[in-house]
Amino acid sequence: MIECKLKKELSAAEGKMILNVDFRLNEGDFVVLYGNSGAGKTSILRMLSGLLRPEDGYINQDSNVWFNAEKKIDIPIQKRKIGLVFQDYALFPNMNVEENIYFSLPQKKDKKTAEELIELMELGNLRKQKIQQLSGGQQQRVALARALARKPKLLLLDEPLSALDHGMRTKLQEYILKLHKTYNLTTILVSHDPAEIIKMANKVLVLENGKFTKTGTPISIFSESKLSGKFQFTGEVLAKIDEEVVSILHILIGNNVIKSVSAKDEIAHIQKGDKVLVASKAFNPIVTKIE
Ligand SMILES: Nc1ncnc2c1ncn2[C@@H]1O[C@H](COP(=O)(O)OP(=O)(O)OP(=O)(O)O)[C@@H](O)[C@H]1O
């Protein structure tokens, strides 16, 4: 279990912002931090990992105290049981795959976990490859294996998939879920993608200006009850074409683009680039098999 209260003044673009959050996560929780750019998501991950010191608060992992402002306890990053993966893979370019994974082992002889991770992440054929010769998705698999080699309790993922294309992203999501379940981790993921969040997380914490404004299951956060339909998809608006009284939205859902026509006023607030929920209850969807 992770229990924490974090407080720190941050210097945001518009001036000072107080980050002030508390939360409790159980073993096995997969939590997403969701919020606008600059809301404080990365700062929370950096505080949990020991890279950024809160001004006040505490971080407890089961009975271990990682941070306590009052008691002046601040355990260094190497001693916190944390695996960290960011968008840029931060691997050692002059080492091969195997060397990168073995590098982070607490004891060099503890090869069992490293070998298990190489197998789990299907890196066996790539083990002698240099990092520069790998695709983005392969590098991120190595970064995940390296983060897990130290047997962390808490896995922190800061938009690890945002540089990857859709297909690679989907595959990596499966790998992350596999790691999360196999090692019974508590995982915190920063993601902006509702579809990814619904697929992966059991809890969402919505952060605005350094405070949590909403928490709940992905479905409760992303689908308002008035939209409850026979089917729902999340997507991204690729284009908005305004006609006389209607607007046509081109929405990317998975690999497909759909067009939706709405009254202009009804969707005046929706713009290109917005993440949207598409729901319908007016008719039964027709399901046909793709050969
Ligand atoms: N060490 C620090 N001291 C003071 N302010 C900081 C520090 N680190 C970050 N900030 C500021 O805190 C604010 C929140 O940054 P943070 O990176 O946590 O946001 P974010 O929600 O992760 O954003 P994004 O989605 O763009 O990555 C930013 O305005 C940033 O400039």
Side-chain angles (χ1 to χ4, degrees), residues 1-6 21-36 39-49 59-62 64 66 80-87 89 113 116-117 120-122 137 140-164 166 168-208 212-223 232-234 254 275 277:
M1 187 184 65
I2 305 285
E3 205 172 10
C4 67
K5 186 169 170 54
L6 307 167
V21 292
D22 56 273
F23 55 93
R24 195 181 138 147
L25 310 179
N26 295 317
E27 203 173 77
D29 268 347
F30 197 121
V31 180
V32 162
L33 287 182
Y34 182 81
N36 289 339
K41 303 176 298 295
T42 299
S43 299
I44 292 177
L45 297 195
R46 296 184 72 223
M47 287 186 204
L48 287 169
S49 58
I59 305 169
N60 300 329
Q61 184 264 318
D62 292 337
N64 307 307
W66 287 353
R80 299 187 187 196
K81 291 188 172 166
I82 272 175
L84 207 52
V85 181
F86 292 104
Q87 183 184 332
Y89 323 114
T113 313
E116 195 178 275
L117 283 161
L120 209 64
M121 302 302 277
E122 298 175 275
Q140 209 51 316
R141 269 153 59 197
V142 179
L144 282 162
R146 191 180 63 169
L148 268 286
R150 294 170 52 85
K151 299 189 185 166
K153 291 278 179 201
L154 181 62
L155 178 61
L156 303 176
L157 305 171
D158 197 350
E159 299 190 62
L161 311 181
S162 53
L164 306 176
H166 179 77
M168 196 71 97
R169 223 181 146 104
T170 310
K171 268 193 206 153
L172 263 287
Q173 288 166 352
E174 302 295 337
Y175 281 110
I176 291 173
L177 282 174
K178 195 153 79 171
L179 290 174
H180 174 79
K181 287 190 184 129
T182 307
Y183 296 103
N184 196 25
L185 299 166
T186 304
T187 300
I188 306 181
L189 168 74
V190 172
S191 173
H192 291 106
D193 178 355
E196 181 170 286
I197 296 169
I198 290 169
K199 176 174 171 184
M200 302 187 75
N202 66 321
K203 201 185 264 180
V204 183
L205 307 175
V206 180
L207 192 67
E208 275 175 48
F212 290 137
T213 51
K214 268 197 257 175
T215 61
T217 62
I219 293 291
S220 73
I221 298 289
F222 293 109
S223 65
Q232 300 185 348
F233 299 102
T234 54
K275 300 280 189 317
L277 187 76

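Just so it is clear, the model here is predicted, and its values are computed rather than measured.
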Practice task
State whether the side chain of D62 and the backbone N or O of M1 hold a donor-acceptor pair below 3.5 Å, judged by distance alone.
Solution key: yes

Practice task
Decide yes or no for I176 and L189: does some side-chain heavy atom of the first lie under 4.5 Å from some side-chain heavy atom of the second?
Solution key: no

Handout entry: Side-chain touch C4/F23, heavy atoms, less than 4.5 angstrom
Key = yes

Practice task
Calculate, to the nearest 0.5 Å, the distance between atoms CD1 and CD1 belonging to I44 and I188 respectively.
Solution key: 8.0 Å

Handout entry: Any L33 side-chain heavy atom under 4.5 Å of L45 side chain
Key = yes

Problem - Pairs meeting criterion salt bridge (Lys or Arg N to Asp or Glu O under 4.0 Å) with involvement of residues 175-184, two or more places apart - result: none

Handout entry: Residues forming a side chain to side chain donor-acceptor pair (under 3.5 Å) with T215, sequence neighbours excluded
Key = none

Problem - Check: M121 and L179 side chains under 4.5 Å, non-hydrogen atoms - result: yes

Handout entry: Sequence-distant partners of F30, ring-ring contact (aromatic ring centres under 6.0 Å, His included), two or more places apart
Key = H180

Handout entry: Qualifying salt bridge (Lys or Arg N to Asp or Glu O under 4.0 Å) pairs, either residue in residues 184-199, two or more places apart
Key = R169-D193, R169-E196, E174-K199

Handout entry: Short side-chain to backbone donor-acceptor contact, K153 and R80, under 3.5 Å
Key = no

Practice task
For K275, look at atom NZ and say whether over 12 heavy atoms of other residues, nucleotides or ligands are found less than 6.0 Å away.
Solution key: yes

Practice task
Would you indicate whether the side-chain heavy atoms of R141 and K171 approach each other to under 4.5 Å?
Solution key: no

Problem - Separation between CD1 of I198 and CD1 of I219, rounded to the nearest 0.5 Å - result: 4.5 Å

Practice task
Report the distance from atom CG of L117 to atom OH of Y183, rounding to the nearest 0.5 Å.
Solution key: 4.0 Å

Practice task
For the residue pair L154 and K81, establish whether any side-chain heavy-atom pair is separated by less than 4.5 Å.
Solution key: no

Exercise for the section: Keeping to residues at least two apart or across chains, list the salt bridge (Lys or Arg N to Asp or Glu O under 4.0 Å) pairs with something in residues 25-36. Expected result: D29-K203

Handout entry: Expected output: side-chain Q140 to main-chain P160 donor-acceptor under 3.5 Å
Key = yes

Completion exercise
The side chain to side chain contact (heavy atoms under 4.5 Å, CB included) partners of S49 (sequence neighbours excluded) come to L51, I77, I82, L84, L156

